[in-house]
Each structure stands twice: as C-alpha cells, then as structure tokens.
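Everything numeric in this text was worked out from a predicted model, so none of it was measured. Reckoned from all heavy atoms, side chains included, excluding hydrogens, waters and symmetry mates.
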Amino acid sequence: MSDFDAAEAMRDGISDRSEAWDFIRAFAAGWYGPLTNGDGVGEEELKQVEGELGLPLPTALREAYLLFGRRPELFEHQDPMLSPSELFVHEDLGGVLCFRSENQGCAFWGVRLCELGEADPPVVVQSTEGWRPFMDRLSLACVELVISEGLFSDGSLYNACELPAGGEGEVPRLFQRVDLPNYPMWTGDDASPVRRFSAPGLLLRQDGLTAESWLHVRGKTLAHLSAACTAVPGRRAQWQGTEPTAVDKLPF
C-alpha cells in the first residue's frame, strides 16, 4: 500500500462534516491504524459533561469525540484536544467553550457561546495578539488538529528549520499544498499564516511567508524525513534525519 498523502486525500476539499470525518478515518489508517467502534468516547459521557457545563456541545464536537476521542495518537501530542471532562468556558468574547489547549496552556481553541447552537460552528484561537478566527467550521478545525498532532507524534521522525533567504518559496514548489485555508499561528502575526503541505509519507508545516519562516517536517520513516531535509536546506533544530552543520533552537 502506498504512503498516505494528506494533500491527495483532500484534493477536492472538505465541504461538510461527513467529508471531514472521512478524511480523519483515512488519515488514521494511513499513519497509525484504522479507527474502530471502540475508539470514541461514549454518548453517556458527553451527556454528563453537558449537564455539568450547563451547555450543549455542538454536533460537530460531539461527533469528533464519538469518532476518535479515545485515540490519543490523533490528538494528544503538542496542542492536544481536551478530554470531554476537561472542557471549560473562557470568559473572553462573552464566553468561549474551549476544546483544545497549547501544551503549556499558553493558548486555547474554542467556540463562542453565542454560536454553540450551530451544528458546525466557527472556531477561534487565542493568540498573543488576542483572539483570532481560526477555521470557519469546527469539523475542519478537527482535520487540522489531527494533521497538526501527527506532525509532532514521533520526535525521532521530526525536524524543523528556519528557512534561508529565498527558501520560503521552495516549499510550495517541492510539495503539494494541503487544502486548508491560511490560519493564524497562536504565537503571533510574525509566524502567520500557517500553511500545510504534504507528500507521500510526509507532513509539513510552514509558519509565515517571510525569509525567517519556519518549516516543520514529519516523516513516516527516517528515509522520508531525510529526503525532505535534503530537498529544503536550512539549519536544523534537531540532528535526526539529516546532518546539519549547526543546530537551531525551536521557536516554541
């Protein structure tokens, strides 16, 4: 079986929740193993959480938990999705139901309380410049979540570099763009927008559009990672997958 390619799997875009969940099923099967009926949280657990919060969960969030809420490799590495019992309301913007957190609690992703009644509401992210629109649909934010967490799911098969002058244009030339809209990096406007790229057996993320933008790479194998690091020159943040002349500190 050929290596999974996120951009190819999303070639026609994702127009609704059903297509989002289909992509996540394909992504799970391609990188880890197929989803099964036991990989979601139970309906009773979600009802209990709704009772404790005194708030309804949007349909898309319920469906996400029911589909893959017990598959931590899909959502629990760098900026994890919260378990249902960890959901909370942030007081900003008239109240935001937060379902995802930066690993040190520096930023949160959530849905404004005034939009909880929508089946697939927009998602906002708390950045250093304040709250920003993230994705216009929660289901699409879940697609970004599993791709994002997949990038950081194995440190030995991950690397990153600050792109050299002119290098920012090499990434879209060498790799296929994943059909997600540009979105803000929580660390601030200097590292925005975030764009996703892929190739068979590779996940890539470019933070920003300037010569100082960062490229993050995850390979299915060391051979995949080495090929990507060779294709895009730069000072690597880690030794794995390449033999850099110098090592840079990661930007977070």
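Between Trp109 and His90, the distance from one ring center to the other does not fall under 6.0 angstrom. A centroid separation of 6.0 Å or more is found between the aromatic rings of Phe99 and Phe108.
Checked for salt-bridge contact, Glu73 and Arg71 meet the test: a charged N lies under 4.0 Å from a carboxylate O. With respect to the salt-bridge test (charged N to carboxylate O, under 4.0 angstrom), the residues Asp189 and Arg132 qualify. Salt bridge status for Arg100 with Glu144: present, with a side-chain N to carboxylate O gap under 4.0 Å. Taking the charged nitrogens against the carboxylate oxygens, Arg11 and Glu8 do have a contact shorter than 4.0 Å, which makes a salt bridge. Ion pairing of Arg218 with Glu149 is absent here, as no side-chain N (NZ or NE/NH1/NH2) approaches a carboxylate O to less than 4.0 Å.
A donor and an acceptor atom, one from each side chain of Asp16 and Ser18, are nowhere located under 3.5 Å apart. Between the side chains of Asp5 and Ser198, a donor-acceptor pair is found at a separation under 3.5 Å. For Tyr32 and Ser153, the side-chain atoms include at least one donor-acceptor pair closer than 3.5 Å. Counting only N and O atoms by type, the side chains of Gln48 and Glu52 include a donor and acceptor under 3.5 Å apart.
Taking the side chain as every heavy atom from C-beta outward, Arg137 and Ile14 approach each other to under 4.5 Å. Here the side chains of Pro122 and Met135 are not in contact, with every heavy-atom distance at 4.5 Å or above. Using a 4.5 Å heavy-atom cutoff, the side chains of Leu97 and Leu57 are in contact.
Tracing side-chain contacts under 4.5 Å through hydrophobic residues (I, L, V, M, F, W, Y), one reaches Phe23 starting from Leu35; they form part of the same cluster. Each of Leu116 and Val96 belongs to its own hydrophobic cluster when Ile, Leu, Val, Met, Phe, Trp and Tyr are linked at side-chain heavy-atom distances under 4.5 angstrom. In the hydrophobic cluster analysis, where Ile, Leu, Val, Met, Phe, Trp and Tyr join through side-chain heavy atoms closer than 4.5 angstrom, Val111 is grouped apart from Trp131. Linking ILVMFWY residues whenever their side-chain heavy atoms come closer than 4.5 Å, directly or via other members, leaves Val143 and Val124 in distinct clusters.
For Asp190, the CG atom counts as loosely surrounded, since its 6.0 Å shell holds 12 or fewer non-hydrogen atoms of other residues, nucleotides or ligands.
Shown here for Val123 and Ala141, the closest heavy-atom pair between the two residues is CG2-CB, 3.9 Å.
For Glu76, the salt bridge (charged side-chain N to carboxylate O under 4.0 Å, His left out) criterion is met by no residue, not counting sequence neighbours.
With Phe27 as the fixed residue, the ring-ring contact (aromatic ring centres under 6.0 Å, His included) test singles out one of Phe75, Trp21, Phe4: Phe4.
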Start with the C-alpha distance between Phe68 and Met81, add both sets of side-chain angles, then the distance that settles side chain to side chain contact (heavy atoms under 4.5 Å, CB included), and finish with yes or no.
CA-CA 11 Å; Phe68 63 92; Met81 182 170 73; 3.7 Å; yes
